[in-house]
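Throughout, numbering of the chain's residues begins at 1 and tracks the sequence.
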Amino acid sequence: MASSPSVLLSSPPPTAKDGSRFIDSNYLQKQSHVPANFKWPEEDAASAQEELNAPVVDLEGFFNGDVVATDNAAKLIRSSCLSHGFFQVTNHRVDADLIQLAYDHVDDFFNLPIEEKIKVQRRPGSPYGYSGAHMDRFSSNLPWKETFSFAFQNGPEKTVADYFKFTIRKDFEQTGLVYQKYSEAMHSLSLSIMELLAIGLGVDRMLYREFFEDAVSIMRTNLYPTCQEPNLSLGTGPHCDPNALTILHQDLVGGLDVFVDDKWHKVRPVLGALVINIGDVFAALSNGIYRSCLHRAAVNSHKERRSLVFFMCPRADKVVKPAEELVRKSEGGTRKFPDFTWSDLLEFTQNHYRVNETTLENFTDWFLSADRSNFKPTHFKKSQ
């Protein structure tokens, strides 16, 4: 995995006062052709032609304590997670005005001068901070986007609000308060989804809610600028999420694709809905019964796209292991993955491996390796 690469581009990117070069959306939108570093293999960038059959789960009955509606919702989610792990939810009780307010503040940060944004640039080994096309991590297959990520932990401390106020600058206090409320709403919804996942797997209903109650999650805002050659590049390359649960709000521009049955499928935006998918951590908690599925973000030539993503993660030192009844239900009645912590998996994905559909298998090999410094992947992408 490349570290602090030197990126060669068809025209010079912006230069900060210290002489460092950075890429942001203003630069990307001015490119009439996709620079070589942003081009993806044809099989990864091929356009999706079909729509994903992802269920839309109405949560109203669950929140009202309707046993039949709750059971039906759990069955829909289970069916999805046995196939590809993606579904959408409506009547999720996240205020529509709060979602709109969160979008209103997205550009407050991304419109800052590059010198301001790089003050909170993501540090090596950390998932938090600003990233322009992930230039700080990779030298090829660069994503056509900017991201800004920050930590959230539920509790009396307003960690998100304080981060914006004191790390960026004082006039971002209101933006911080908006994202504090948004993150709290996402955390609460995540715990509800965890109940439905538990019901679908036939384990104690509160098992995962209690496990993730003290989660330290990642909130991320994404900006995907227009691209004049969208068939050559991607906003986010094919990957599986390494965390436990992802809640995405995509604007109506669309762009989320999921790889199912050996081809890419579009996930159509549903007004008022949130897109949910499970990640590698939950796949491990289910002992591989549920799937973490390959997905990507496409770009287009006519309209910028924005999205809000909440990645639920366990507390760093929590041990990830499946319930014994799930091990017994698994093929052969054996464990698929070793016990590990989120900090173990995070170290692997931030420092040793670029996430794809075989992250969990390669992480297992690395984790059990006697010589991690000389690790070489043994599982490979389908496209390789």
Side-chain angles (χ1 to χ4, degrees), residues 43-44 46-59 62 69-90 92 189-190 192-203 207-208 236-250 254-270 273-298 309 311-312 322-323 325-332 336-337 355-361 379 381-383:
E43 61 269 25
D44 288 336
S47 298
Q49 302 299 321
E50 299 180 26
E51 189 172 301
L52 181 70
N53 183 24
V56 179
V57 183
D58 188 335
L59 297 181
F62 166 78
T70 296
D71 186 55
N72 288 337
K75 286 178 179 176
L76 276 175
I77 292 172
R78 175 181 172 82
S79 176
S80 170
C81 290
L82 288 171
S83 174
H84 48 67
F86 276 79
F87 54 97
Q88 303 200 51
V89 294
T90 57
H92 41 67
L189 176 59
S190 296
S192 296
I193 298 297
M194 285 296 169
E195 283 191 51
L196 290 166
L197 287 167
I199 294 169
L201 282 168
V203 297
L207 178 64
Y208 302 128
T236 303
H239 68 288
C240 293
D241 292 339
N243 54 291
L245 188 77
T246 301
I247 303 181
L248 165 73
H249 189 281
Q250 57 173 343
L256 173 64
D257 297 334
V258 180
F259 196 74
V260 181
D261 296 331
D262 294 323
K263 55 188 172 183
W264 289 105
H265 294 71
K266 301 175 183 179
V267 178
R268 178 176 57 87
V270 175
L274 293 164
V275 181
I276 314 287
N277 69 275
I278 63 168
D280 289 333
V281 165
F282 199 86
L285 283 172
S286 74
N287 202 39
I289 295 173
Y290 283 178
R291 295 186 55 190
S292 175
C293 194
L294 198 67
H295 55 286
R296 68 182 187 184
V309 196
F311 300 103
M312 174 171 255
E325 54 261 54
L326 296 183
V327 175
R328 291 193 294 270
K329 291 178 182 178
S330 300
E331 184 179 350
K336 299 294 190 296
F337 310 102
V355 293
N356 60 24
E357 70 267 41
T358 58
T359 298
L360 202 50
E361 290 82 1
H379 300 82
K381 291 176 62 178
K382 297 184 183 74
S383 59

Gap between atom CZ of Phe87 and atom CG of Asn53 - 0.5 Å precision: 14.0 Å

Worked verdict on Ile247 versus His92 for side-chain contact (heavy atoms from CB on, under 4.5 Å): CA-CA 11 Å; Ile247 303 181; His92 41 67; over 6 Å; no

Would you confirm whether Thr359, through its side chain, and Asn356, through its main-chain N or O, come within 3.5 Å as a donor-acceptor pair? yes

Who pairs with Lys263 by side-chain contact (heavy atoms from CB on, under 4.5 Å), at least two apart in sequence or on another chain? Glu50, His265

Within the side chain of Asn277, is there an N or O that forms a donor-acceptor pair under 3.5 Å with the backbone of Gly85? no

Taken in chain and number order and not counting sequence neighbours, the residues that satisfy salt bridge (Lys or Arg N to Asp or Glu O under 4.0 Å) with Asp241 are none

Taken to the nearest 0.5 Å, the spacing of Lys336 NZ from Ile289 CD1 works out to 7.5 Å

For His84, which residues count as a ring pair (Phe, Tyr, Trp, His ring centres under 6.0 Å) partner, sequence neighbours excluded? none

Tell me the closest heavy-atom pair linking Leu201 and Lys329, and the distance in Å. O-NZ, 2.9 Å

Can you find a heavy atom in the side chain of Cys293 that is under 4.5 Å from one in the side chain of Val260? yes

Heavy-atom nearest pair, Ala74 first then Gly200, reads CB-N, 4.1 Å

Just jot down the side chain to side chain donor-acceptor pair (under 3.5 Å) partners of Arg78, sequence neighbours excluded, or say none. none

With heavy-atom distances below 4.5 Å as the criterion, would you say the side chains of Ile193 and Val89 are in contact? yes

Measure across Gly254 and Pro269 and return the closest heavy-atom pair with its distance rounded to 0.1 Å. CA-CG, 3.6 Å

What pairs with Ala284 under side-chain contact (heavy atoms from CB on, under 4.5 Å), at least two apart in sequence or on another chain? Val320, Phe337, Phe340, Leu360

Rounded to the nearest 0.5 Å, the CG atom of Leu197 sits from the CG atom of Leu245 at a distance of 6.5 Å

What's the spacing between Ile278 CD1 and Asn243 CG if we round to 0.5 Å? 10.5 Å

If the condition is side chain to side chain donor-acceptor pair (under 3.5 Å), which residues does Asp71 pass it with, not counting sequence neighbours? Lys75

Tell me the closest heavy-atom pair linking Pro238 and Leu294, and the distance in Å. C-CD1, 3.8 Å

Heavy atoms, side chains only, cut-off 4.5 Å: are Trp264 and Val258 in contact? no

Measure the CD-CZ distance between Gln250 and Arg268 for me, rounded to the nearest 0.5 Å. 10.5 Å

Could you pull out the closest heavy-atom pair between Val355 and Cys240, with the gap in Å? CB-O, 4.0 Å

Polar side-chain atom of Arg296 near backbone of Asp44 as donor-acceptor pair, under 3.5 Å: yes

According to ring pair (Phe, Tyr, Trp, His ring centres under 6.0 Å), who are the partners of His295, at least two apart in sequence or on a separate chain? Phe86, His239

Looking at OG of Ser286 and CG of Leu82, how far apart are the two atoms once the value is rounded to the nearest 0.5 Å? 9.0 Å

Mind checking side-chain contact (heavy atoms from CB on, under 4.5 Å) for Thr70 and listing every partner two or more places apart, or none if nothing turns up? Phe62, Leu196, Ile199, Arg205

Does the side chain of Val275 reach to within under 4.5 Å of the side chain of Gln88, using non-hydrogen atoms? yes

With sequence neighbours excluded, what pairs up with Ser190 under the side chain to side chain donor-acceptor pair (under 3.5 Å) test? none

Does Asp58 have any side chain to side chain donor-acceptor pair (under 3.5 Å) partners at least two apart in sequence or in another chain, and if so, which? Asn91

List in chain and number order the residues that pass ring pair (Phe, Tyr, Trp, His ring centres under 6.0 Å) with Tyr208, two or more places apart in sequence or in another chain; answer none if no residue qualifies. Phe282

Can you give me the closest heavy-atom contact between Leu189 and Leu59, atom names plus distance? CD1-CD1, 3.9 Å

